[in-house]
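Everything on this sheet refers to the single structure shown next.
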Amino acid sequence: MPELPEAEALRVFLDDHLVGREIDRVLPLTVSVLKTYDPPLSALHGGTVTGIARHGKFLDIGVGPLHLITHLARAGWLRWKGGFPAAPPRPGKGPLALRTVLTGGDGFDLTEAGTTKRLSVYLVHDPAEVPGIARLGPDPLDDSFDRAAFAALLAGERRRIKGALRDQSLIAGIGNAYSDEILHVAKMSPYKLTASLTDEEITRLHTALRTTLRDAVARSSGLEAGKLKAEKKSGMRVHGRTGEACPVCGDTIREVSFSDSSLQYCPICQTGGKPLADRRMSRLLK
């Protein structure tokens with residue numbers, strides 16, 4: 001799933017390639033992708049792109065008073081194209097979800113792999129009309145997201161820190177992969193309870209969060225959209241590396257599997273050398 005660093009890199013990429021360009025047509029190609037119907041996508045035809053913004057994991061293409069907003073979900077991606085076939089694509093065939101063609105003939109496709117379709121597109125007058133954006137917490141890359149702001153967010157929480165980091169209404173943009181990475185840098189168990197965090201641990205976690213996300217954004221800076229997935233994977237220390245050696249201590253990276261996701265961690269770095277039980281309702285083995 002694209003998370004904050006990839007969404008930010010795509011924002012920069014689109015800012016370079018779209019702003020000032022005129023949209024020729026926007027074609028929805030699956031039944032489920034479009035979540036709004038008024039105004040219609042045809043309202044974008046002939047419009048000029050005026051700006052690109054990011055809200056957590058959402059990308060926002062400004063076209064005059066309208067905002068074309070997308071969330072790529074777990075298996076979605078944006079693919080830039082130098083040109084398109086003359087014949088329009090057949091709706092519902094393959095991974096193609098939406099096509100945007102500029103007057104110069106280039107543009108981008110939104111694609112989604114797999115059979116579960118969660119990629120979403122909205123056309124609205126105000127980004128706050130999108131429910132997922134309206135409920136977003138603060139952006140962790142914003143200058144106002146300092147240690148005090150982070151501590152205030154955690155003050156009322158009573159849950160595992162892994163889940164808190166992934167909660168978009170608490171902090172915008174962090175998902176499964178970067179929460180694993182942040183906790184590894186912070187040397188903290190994903191099962192640690194937020195209510196048990198000491199002042200020193202809050203400081204350490206805040207530093208790890210900001211450093212991990214900023215480093216990931218820096219690595220992706222200037223890359224073409226098509227190269228961002230590979231960069232994300234290559235930059236991971238523990239996420240997606242079950243069975244490999246921890247780059248810090250050399251211990252074997254472990255995994256806990258759930259019904260719809262998994263987490264990776266290093267026992268020596270994060271859990272005092274003790275493995276986490278690999279069950280949905282598991283506890284730290286004692």
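Only a predicted model underlies this, so the values are computations on that prediction, with no experimental measurement involved.
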So does Asp106 pair up with Arg21, basic N to acidic O under 4.0 Å?
-> yes
Distance (rounded to the nearest 0.5 Å) between Cys246 SG and Arg241 CZ | 11.5 Å
For the atom pair CD1 (Ile182) and CG (Leu213), what is the distance rounded to the nearest 0.5 Å?
-> 4.5 Å
Pair Arg237 + Asp180: basic N to acidic O under 4.0 Å = no
Mind checking whether Leu68 and Leu41 have side chains closer than 4.5 Å, heavy atoms only?
-> yes
Side chain proximity check, Leu153 to Pro138, heavy atoms < 4.5 angstrom | yes
So the ring pair (Phe, Tyr, Trp, His ring centres under 6.0 Å) pairs with at least one residue in residues 153-174 (sequence neighbours excluded) are none
Check Pro85 against Arg99 and note the closest heavy-atom contact, atom names and distance.
-> CD-NH1, 4.2 Å
Do you reckon Leu136 sits in the same ILVMFWY cluster as Phe150, going by side-chain contacts under 4.5 Å, direct or chained?
-> no
Go through the steps for Thr194 and Arg159 under the test side chain to side chain donor-acceptor pair (under 3.5 Å), then give the verdict.
-> CA-CA 6 Å; Thr194 54; Arg159 51 177 159 167; 6.0 Å; no
Do Arg210 and Phe145 pass the side chain to side chain contact (heavy atoms under 4.5 Å, CB included) test, and can you show the C-alpha distance, the side-chain angles, and the key distance before you say yes or no?
-> CA-CA 9 Å; Arg210 297 271 282 185; Phe145 193 85; 3.9 Å; yes
Taking only distance into account, with no hydrogens and no angle test, what donor-acceptor pairs under 3.5 Å do side-chain atoms of residues 74-81 form with protein atoms, sequence neighbours excluded?
unit_1, atom_1, unit_2, atom_2, d
Arg74, NH1, Asp260, O, 2.9
Arg74, NH2, Asp260, O, 3.2
Trp77, NE1, Ala225, O, 3.2
Arg79, NE, Thr111, OG1, 3.0

Nearest heavy atoms of Val185 and Ala208, plus distance in Å | CG1-CB, 3.7 Å
Is Gln270 reaching over with its side chain to a backbone N or O of Cys266, donor-acceptor style, under 3.5 angstrom?
-> yes
Verdict with reasoning, Lys192 to Glu201, per salt bridge (Lys or Arg N to Asp or Glu O under 4.0 Å) | CA-CA 11 Å; Lys192 189 172 184 63; Glu201 287 172 329; 3.5 Å; yes
Got Lys187 and Arg204 here, is their nearest side-chain heavy-atom distance under 4.5 Å?
-> yes
Worked verdict on Thr242 versus Glu255 for side chain to side chain donor-acceptor pair (under 3.5 Å) = CA-CA 6 Å; Thr242 303; Glu255 176 176 310; 2.7 Å; yes
Any idea how Phe58 and His71 line up, ring-wise: parallel (<30°), tilted (30 to 60°), or perpendicular (>60°)?
-> perpendicular
Flag for His55-Asp60: side-chain donor and acceptor within less than 3.5 Å | yes
Smallest separation among heavy atoms of Glu231 and Ser220, with atom names = CG-OG, 3.9 Å
Please test Leu10 against Leu72 for side chain to side chain contact (heavy atoms under 4.5 Å, CB included), starting from the C-alpha separation and ending with a verdict.
-> CA-CA 11 Å; Leu10 285 172; Leu72 295 172; 3.8 Å; yes
Where is the tightest heavy-atom contact between Pro190 and Leu263, given as atom of each residue plus distance?
-> CG-CD1, 3.9 Å
After noting the C-alpha distance and the side-chain angles of Ser262 and Gln264, does the key distance pass the side chain to side chain donor-acceptor pair (under 3.5 Å) rule?
-> CA-CA 7 Å; Ser262 63; Gln264 286 81 41; 3.1 Å; yes
Verify same cluster id: Val26, Leu123 (apolar side-chain graph, 4.5 Å) | yes
Where the side chain of Lys57 meets the backbone of Arg54, is there a donor-acceptor pair that is under 3.5 Å apart?
-> no
Where is the tightest heavy-atom contact between Val121 and Thr70, given as atom of each residue plus distance?
-> CG2-OG1, 3.9 Å
Please round to the nearest 0.5 Å and tell me the distance separating atom CG of Leu44 and atom CD of Glu22.
-> 11.5 Å
Only one of Lys162, Arg166, His239 forms a side-chain hydrogen bond (donor to acceptor under 3.5 Å, both in side chains) with Ser179, so which one is it?
-> Lys162
Should Val130 and Leu34 be counted in the same cluster of Ile, Leu, Val, Met, Phe, Trp and Tyr side chains packed under 4.5 Å apart?
-> no
Considering only heavy atoms from C-beta outward, does the side chain of Cys269 approach that of His184 to under 4.5 Å?
-> yes
Rounded to the nearest 0.5 angstrom, the OG1-CG distance for Thr30 and Leu98 is 8.0 Å
Is any side-chain heavy atom of Glu129 closer than 4.5 Å to a side-chain heavy atom of Thr36?
-> no
Is the shortest heavy-atom distance from the side chain of Arg160 to the side chain of Ser189 under 4.5 Å?
-> no
CD of Glu112 to CG of Leu29: how many Å apart, nearest 0.5 Å?
-> 13.0 Å
Can you find a pair of side-chain heavy atoms, one from Phe13 and one from Leu18, that are under 4.5 Å apart?
-> no
Close side-chain approach of Leu165 and Leu209, heavy atoms under 4.5 Å | yes
Check against side chain to side chain contact (heavy atoms under 4.5 Å, CB included), Leu170 and Glu157 | CA-CA 10 Å; Leu170 190 71; Glu157 295 297 316; 3.6 Å; yes
Here the pair of heavy atoms bringing His17 nearest to Leu102 is O-CD1, 4.4 Å
Roughly how far apart are Asp16 CG and Ile52 CD1, rounded to 0.5 Å?
-> 10.0 Å
In one Ile/Leu/Val/Met/Phe/Trp/Tyr side-chain cluster, 4.5 Å: Tyr265, Tyr191 = yes
With the threshold set at 4.0 Å, does a side-chain nitrogen-carboxylate oxygen contact exist between Lys232 and Glu3?
-> yes
Answer yes if the side chains of Tyr178 and Glu6 hold a donor-acceptor pair under 3.5 Å, and no otherwise.
-> yes
After noting the C-alpha distance and the side-chain angles of Ile268 and Val248, does the key distance pass the side chain to side chain contact (heavy atoms under 4.5 Å, CB included) rule?
-> CA-CA 10 Å; Ile268 288 181; Val248 175; over 6 Å; no
